[in-house]
Amino acid sequence: MTQTLPVLYSFRRCPYAIRARLALAHAGLACELREINLRNKPQALLDASPKGTVPVLVLEDGRVIEQSLDVMLHALRANDPDGWLAPTSGSLPDMLALIERNDGFFKHALDRCKYPERYTAEEVNHAQADALTWLAELDDQLEATGYLFGQNPSLADMALRPFVRQYARIDESQWNEQPWPHLQAWLQRWIDSALFAEVMETYPGWVPGTRGPVFAAGGVGSD
Ligand SMILES: N[C@@H](CCC(=O)N[C@@H](CS)C(=O)NCC(=O)O)C(=O)O
């Protein structure tokens with residue numbers, strides 16, 4: 001079958017895939033979405049990207065983008081209608097530094113908070129303390145303008161929100177009781193947005209040899 005659109009291998013609940021879909025949807029960069037089962041990865045995905053993680057974007061010319069942040073940058077460099085790459089405060093390198101700490105420091109803690117049974121009690125206690133520190137810092141950073149880098153949503157807001165959402169979903173009543181009003185409001189605004197609804201739509205699992213649905217044909221505004 002000839003490839004007429006970029007192909008996005010995706011998994012609905014994966015925070016990395018969510019951030020990639022956010023940028024693609026916002027940029028209106030139409031692609032063929034292939035919803036995969038992480039326990040039974042299609043050969044086409046492994047052929048394109050042997051590391052076997054999602055998201056993976058295969059461009060029409062065969063180039064493969066296999067890191068979520070690179071998918072975001074690719075989409076936004078093609079079309080960035082609300083200036084996610086040019087925040088009103090701070091710079092792209094500042095945003096990339098925060099995203100790196102999210103993907104390293106916070107993700108490490110998040111995994112231990114989410115699956116405590118897989119780790120020792122000491123590791124979990126440590127991770128919980130790290131997560132609280134990180135989230136309190138984000139709350140502080142959001143206090144002035146409601147977004148991480150100035151007046152509007154940016155690459156950093158969109159790259160981090162799926163991970164903060166995962167943390168919030170571990171224990172929603174505990175999340176609601178935390179003293180982080182700016183962080184809670186920031187997360188909720190996104191969850192209530194049209195963009196969130198677009199990227200969290202449910203698609204049937206991709207059947208190899210068939211064409212997946214077209215994703216991101218419209219272009220959806222920031223929250
Ligand atoms: N650094 C990668 C991480 C992607 C990642 O770890 N995705 C997870 C799903 S949330 C995955 O595909 N894991 C492979 C597996 O579970 O087999 C990125 O930013 O795209």
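We count ligands from 1, going down the list as the structure has it; atoms in each ligand are counted the same way. Side-chain atoms are counted along with the backbone in the values below, which use heavy atoms only and exclude waters and symmetry mates.
- Closest to atom 5 (C) of ligand 1 among all protein heavy atoms lies Tyr16 CD1, 3.4 Å.
- Distance from atom 10 (S) of ligand 1 to its nearest protein heavy atom, with residue and atom name: Cys14 SG, 2.6 Å.
- When the side chains of ILVMFWY residues are joined at heavy-atom separations under 4.5 Å, either directly or via intervening members, Leu38 and Val7 end up in a single hydrophobic cluster.
- Between Arg161 and Asp157 there is no salt bridge, since no side-chain nitrogen of the basic residue lies less than 4.0 Å from a carboxylate oxygen of the acidic one.
- When each atom of ligand 1 is checked for a heavy atom of Leu38 under 4.0 Å away, the hits are 12 (O), 16 (O).
- Shortest contact from atom 12 (O) of ligand 1 to any protein heavy atom: Val54 N, 2.8 Å.
- Neither side chain, Asp130 nor Thr133, offers a donor N or O lying under 3.5 Å from an acceptor on the other.
- Checked by distance only, ligand 1 and Lys41 come closer than 3.5 Å through their nitrogen or oxygen atoms.
- Note: Phe106 and Tyr167 have tilted aromatic rings, judged against thresholds of 30 and 60 degrees for the angle between ring planes.
- Asn152 is not listed as a side-chain neighbour of Pro87, based on a closest heavy-atom distance of 4.5 Å or more.
- Of the residues Leu195, Leu76, Ile18, the one that meets the side chain to side chain contact (heavy atoms under 4.5 Å, CB included) test with Met158 is Leu195.
- Given atom 19 (O) of ligand 1, the protein heavy atom at minimum distance is Ser68 OG, 2.6 Å.
- Interface atoms of ligand 1 facing Pro55, defined by a heavy-atom separation under 4.0 Å, are 20 (O).
- The ligand atoms of ligand 1 that sit less than 4.0 angstrom from a heavy atom of Gly52 are 14 (C).
- If you chain together hydrophobic residues whose side chains sit under 4.5 Å apart, Leu57 and Leu46 never meet in one group.
- Among protein heavy atoms, atom 13 (N) of ligand 1 sits closest to Thr53 CG2, 4.0 Å.
- Remark: ligand 1 and Gln67 share an N or O pair separated by less than 3.5 Å (distance only, no angle test).
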